[in-house]
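Whatever order the structure lists ligands and atoms in, that order sets their numbers, starting from 1.
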Amino acid sequence: MHVLVTGAAGFVGQALVARLLRDHDDGHRSLQALTLLDVGFPASTTGAARQLAGSIADAGLVRQAFERPVDRVFHLASIPGGTAEQEYELARDVNLGGTQHLLEAARAQALRGEGVARFVFASSIAVYGSPLPALVDDGTAPNPQMSYGAQKLMSEIQVADFSRRGWIDGVSLRLPGVLARPPARTGQLSAFMSDLIRELAAGRSFTCPTSPQAATWASSVPNVVDNLLHAAEVAAGCLPPRRSLLLPTLHFTMGELVHAVAAVHGAQVHELVRWAPQERIEALFGCFPPLRTPAADAAGFRHDGDLPTLVRRALQPL
Ligand SMILES: NC(=O)c1ccc[n+]([C@@H]2O[C@H](COP(=O)([O-])OP(=O)(O)OC[C@H]3O[C@@H](n4cnc5c(N)ncnc54)[C@H](O)[C@@H]3O)[C@@H](O)[C@H]2O)c1
């Protein structure tokens, strides 16, 4: 099996690649070739995989990734929400144009008779926008309010259409906030949730830009990797025709998250938090209603189970 991961040097990408390589070493020998595509790679990356450094906005580079037929694509590369809002043309070229190049390369492969790739697209709950209804479920209409969410939704539609035509076998997962992102700033507005867990777990004080009542959705990075890997293998018959899934995800308040960090790392955590709500952050990340995900549940996707488990898994080494 030849697996292609775009955005492989990113937060989720590194965790996914580490898991693919570990599973391979543990005897799951289906992985024969791994191609990683990103704008650059850390010097420390090992040479177990083929690395392609460059942009998915470059159609030629994307075609190179498909020189050997690809069986599974994990398309994670993207310009995040904050940056996409500031740099429209970059986000258009990468989030829309880059996705299109990948889909076209997969289509060309299928038309050459070299196999239909399972195409797992990392979409986002940003497709829902705001305000959200009292309950979000599989029937909730997307209503993106930022270019990033709009670009994710347009790409989902392309993934579904290419799947309908039989050029790819696609799955779009609407990922929630993924925890805990490393401290480096890369434009994600939701990074404060990761900071909260990491700083409090390390015994450092943290000023939270929401109220304790702010309610959100999130999953640990190992849980998201589990779901991406499941998406790569789940039978097409288990997927809805539109090929997009809202993932099972824990719904909790920031106050409950602090309690969970205290349950895992000690009661002193409560003394370390100061609440300083910012209107924009509260509006974007603090108004999430309960969610129901029967389609993804039935297809075998899972959330972290409970908040202390999410907190523990969020800081697990890769
Ligand atoms: N982390 C989250 O909370 C979250 C939530 C919802 C959806 N998602 C989606 O999941 C995916 C992975 O998220 P992440 O947190 O790892 O993001 P990330 O920003 O950490 O990683 C994205 C990677 O894409 C790469 N990239 C950017 N432009 C590129 C280009 N033109 N060509 C090739 N590579 C490029 C970046 O260099 C980076 O390594 C993204 O598509 C993101 O939109 C993430």
Ionic contact status for Arg313 with Asp226, cut-off 4.0 Å
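Answer for the salt bridge query: yes.
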
Contact atoms of ligand 1, heavy-atom distance to [X] under 4.0 Å:
X: Ala122; value: 10 (O), 11 (C), 41 (O)
X: Gly177; value: 3 (O)
X: Val178; value: 1 (N), 2 (C), 3 (O), 4 (C)
X: Gly54; value: 32 (N), 33 (C)

Per [atom], closest listed option by heavy atom ([options]):
atom: atom 42 (C) of ligand 1; options: Tyr148, Phe121, Phe11, Phe74; value: Tyr148
atom: atom 36 (C) of ligand 1; options: Ile79, Leu61, Asp38, Val62; value: Asp38
atom: atom 27 (C) of ligand 1; options: Gly7, Ser78, Ala84, Pro42; value: Ser78
atom: atom 41 (O) of ligand 1; options: Leu76, Asp58, Val12; value: Leu76

So is [X] close enough to ligand 1, meaning a heavy atom under 4.0 angstrom away?
X: Arg181; value: yes
X: Ala126; value: no
X: Ala9; value: yes
X: Pro176; value: yes

Please tell me whether Glu156 and Ser123 have a donor and an acceptor in their side chains that are separated by less than 3.5 angstrom.
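Yes, a side-chain donor-acceptor pair sits under 3.5 Å.
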
